[in-house]
Amino acid sequence: MIEGKLVRLRALRAEDAVHHVRWRNDPEVVHWAAGGNPCFGPVTAEAVRSGFETMLRLNPNESAVFTVEDLADDTVIGMVDYRDLDPLAGSATVGITIGERDRWGRGHGSDALRLLVDHLFGAFRLHRIELDTWSGNERAVRTFIKAGFREEGRRRSAVMVAGKRHDTVLFGMLREEWSDTTR
């Protein structure tokens, strides 16, 4: 387990699937987490269980999913992941979803993202970490910037959310930038 000020990251467990089913069938979570992407939700419990079988067998040298728990009451509130870990390029892509809406805007996402970034830069000696969101998700943009990420570019009009086109906003953090945020 990796503990921060507000949350802990722990290994994914099969019983976490019930939370993922709930989040991926909550229209507001789907809207903000994935811009309403129908591949994210709604989903059946069986589809999530099938995906969990794969996630529980991920090779941590390539990718992993962690459960985010609130330290105050041990409630499962979300997940973070990394994927596309490339040791040659020294890079990885990360993602975060805080599925419990009552924890939104309270710093839990920032703490979880910081813990994941610290883990990846520390354990894997990466050079860069990247992530993205859609331009309408201003809370995610603030969280990423607060965690030390910098906007690196945009894919213009790349996603359709609620009938309106939005950019995909690309963020990155270099090892030396992470070192600056940990002082």
Practice task
Determine, stepwise, if the pair V48 / W23 fulfils side-chain contact (heavy atoms from CB on, under 4.5 Å).
Solution key: CA-CA 11 Å; V48 171; W23 302 330; over 6 Å; no

Exercise for the section: Mind telling me whether F66 and Y82 have parallel, tilted or perpendicular rings, with 30° and 60° as the class edges? Expected result: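 Tilted, since the angle between the ring planes falls between 30° and 60°.
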
What are the two closest heavy atoms between [X] and [Y], and how far apart are they?
{"X": "H166", "Y": "K164", "answer": "CD2-O, 3.3 Å"}
{"X": "A45", "Y": "V21", "answer": "CA-CG2, 3.7 Å"}
{"X": "V94", "Y": "L131", "answer": "O-CB, 3.3 Å"}
{"X": "R154", "Y": "S135", "answer": "NH1-CB, 3.6 Å"}

In Å and rounded to the nearest 0.5 Å, what is the [atom1] to [atom2] distance from [X] to [Y]?
{"X": "I2", "Y": "L116", "atom1": "CD1", "atom2": "CG", "value": "7.5 Å"}
{"X": "L58", "Y": "L12", "atom1": "CG", "atom2": "CG", "value": "8.5 Å"}
{"X": "E151", "Y": "F144", "atom1": "CD", "atom2": "CZ", "value": "11.5 Å"}
{"X": "L85", "Y": "F124", "atom1": "CG", "atom2": "CZ", "value": "5.5 Å"}
{"X": "L9", "Y": "R114", "atom1": "CG", "atom2": "CZ", "value": "9.5 Å"}
{"X": "I96", "Y": "S110", "atom1": "CD1", "atom2": "OG", "value": "7.5 Å"}

Exercise for the section: Answer yes or no: are there more than 12 heavy-atom neighbours, outside E15 itself, under 6.0 Å from its atom CD? Expected result: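 Check passes, neighbour count above 12.
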
Handout entry: CZ/R155: more than 12 non-hydrogen atoms of other groups inside 6.0 Å
Key =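 Counting other residues, nucleotides and ligands, CZ of R155 stays at 12 neighbours or fewer.
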
Would you mind reporting whether [Y] and [X] have side-chain heavy atoms less than 4.5 Å apart?
{"X": "I145", "Y": "F171", "value": "yes"}
{"X": "D111", "Y": "H108", "value": "no"}
{"X": "E69", "Y": "E3", "value": "no"}
{"X": "M79", "Y": "T67", "value": "no"}
{"X": "W178", "Y": "I129", "value": "no"}
{"X": "V76", "Y": "D16", "value": "yes"}
{"X": "R175", "Y": "R125", "value": "yes"}

Donor-acceptor pair, distance only, cut-off 3.5 Å: does the side chain of [X] make one with the backbone of [Y]?
{"X": "W32", "Y": "N137", "answer": "no"}
{"X": "T143", "Y": "R139", "answer": "yes"}
{"X": "R13", "Y": "L56", "answer": "no"}
{"X": "N25", "Y": "V43", "answer": "yes"}
{"X": "D167", "Y": "S157", "answer": "yes"}
{"X": "R101", "Y": "V29", "answer": "no"}
{"X": "D86", "Y": "S91", "answer": "no"}

Exercise for the section: Any pair with a residue in residues 34-62 that passes ring pair (Phe, Tyr, Trp, His ring centres under 6.0 Å), sequence neighbours left out, goes on the list, sorted by first then second residue, please. Expected result: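 Listed once each, the pairs are H20-F52.
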
Exercise for the section: Report the C-alpha separation of R103 and D70 in whole Å, then their side-chain angles, then the decisive distance to 0.1 Å, and conclude whether the side-chain contact (heavy atoms from CB on, under 4.5 Å) test is met. Expected result: CA-CA 9 Å; R103 299 320 203 282; D70 189 326; 2.8 Å; yes

Practice task
Assess whether salt bridge (charged side-chain N to carboxylate O under 4.0 Å, His left out) is satisfied between R10 and D74, documenting all intermediate values.
Solution key: CA-CA 11 Å; R10 65 157 172 81; D74 297 326; over 6 Å; no

Problem - hydrophobic_cluster_shared for L174 and L113, side chain cutoff 4.5 Å - result: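 No, no single cluster joins them.
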
Handout entry: Same cluster (ILVMFWY, side-chain, under 4.5 Å), W104 and V68
Key = yes

Problem - Verdict with reasoning, D26 to R22, per salt bridge (charged side-chain N to carboxylate O under 4.0 Å, His left out) - result: CA-CA 6 Å; D26 179 328; R22 187 175 66 256; over 6 Å; no

Handout entry: Step-by-step side-chain contact (heavy atoms from CB on, under 4.5 Å) determination, L71 to L6
Key = CA-CA 6 Å; L71 286 175; L6 298 172; 5.8 Å; no

